[in-house]
Amino acid sequence: MKQNLWTVGGVALLGLALLGSGTSQAQETPTTPSAPSTQGDVRQDRRDSRQDKQDLREDRRDRRQDRRELREDRREGASPSELTQDRENLRIDNRDIRQDRKELQQDRKNLRGDKKERRQDRRTAPDK
């Protein structure tokens with residue numbers, strides 16, 4: 001009950017090899033590496049990220065200052081309208097901080113994508 005399956009497989013492999021050889025004969029089209037453009041994207045994303053970090057630090061400073069003012073006004077027995085104003089300032093600062101965090105996260109995501117694209121471009125670029 002010995003079967004010669006290898007001959008069928010060999011013929012099938014030979015047919016596939018012959019079919020595949022036609023596509024490997026295609027000419028390569030010269031491509032220009034897009035490293036300079038992606039490098040600029042990475043630089044811009046880093047710049048945006050640094051700016052968002054700076055904005056976040058500034059908003060946190062503002063929030064600390066507003067909290068300090070609210071505590072002082074409570075101690076001094078300030079009017080309800082002043083306390084309401086201080087709480088509103090805190091809400092605004094908290095909203096700004098949330099927005100800055102979102103922007104920073106988006107910039108980091110863009111930076112990762114651009115770095116990945118640049119790495120792919122370097123790998124596919126022809127060696128000099």
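Being a predicted model, the structure only gives us computed values, none of them experimental. Position 1 is the first residue of the sequence, and the numbers go up from there.
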What distance separates Ile92 CD1 from Asp59 CG, expressed to the nearest 0.5 Å?
11.0 Å

Start with the C-alpha gap between Gln120 and Glu117, add the side-chain angles, then the distance that decides, and say whether side-chain contact (heavy atoms from CB on, under 4.5 Å) holds.
CA-CA 5 Å; Gln120 288 292 336; Glu117 183 180 332; 5.7 Å; no

Pair listing, salt bridge (charged side-chain N to carboxylate O under 4.0 Å, His left out) test, anchored in residues 72-88, at least two apart
Glu88-Arg91

Partners of Glu69 by salt bridge (charged side-chain N to carboxylate O under 4.0 Å, His left out), sequence neighbours excluded?
none

Could you tell me the separation between the CG atom of Leu111 and the CZ atom of Arg118, rounded to the nearest 0.5 Å?
9.0 Å

So, using side chain to side chain donor-acceptor pair (under 3.5 Å) as the criterion, who are the partners of Asn94 when residues are at least two apart?
Arg63

Can you tell me how far CZ of Arg119 sits from NZ of Lys115, rounded to the nearest 0.5 angstrom?
8.5 Å

Qualifying residues under side-chain contact (heavy atoms from CB on, under 4.5 Å), relative to Ser81, sequence neighbours excluded:
Ser79

Residues which pass side chain to side chain donor-acceptor pair (under 3.5 Å) with Arg47, listed by chain and number, not counting sequence neighbours
Gln44

Residues at least two apart in sequence or cross-chain that pass side chain to side chain donor-acceptor pair (under 3.5 Å) with Gln51, listed by chain then number, are Asp55

d(Gln65 CD, Leu90 CG) to nearest 0.5 Å is 10.5 Å

The criterion is side-chain contact (heavy atoms from CB on, under 4.5 Å); which residues satisfy it with Arg64, sequence neighbours excluded?
Arg60, Arg61, Arg68

The complete set of salt bridge (charged side-chain N to carboxylate O under 4.0 Å, His left out) pairs with one or both residues in residues 95-108, sequence neighbours excluded, reads none

Identify, with sequence neighbours excluded, every residue that meets side chain to side chain donor-acceptor pair (under 3.5 Å) alongside Arg50.
none

Are the side chain of Ser49 and the backbone of Asp45 linked by a donor-acceptor contact shorter than 3.5 Å?
no

Note: with side-chain heavy atoms under 4.5 Å as the link, the other cluster members for Ile97 come out as Leu56, Leu104

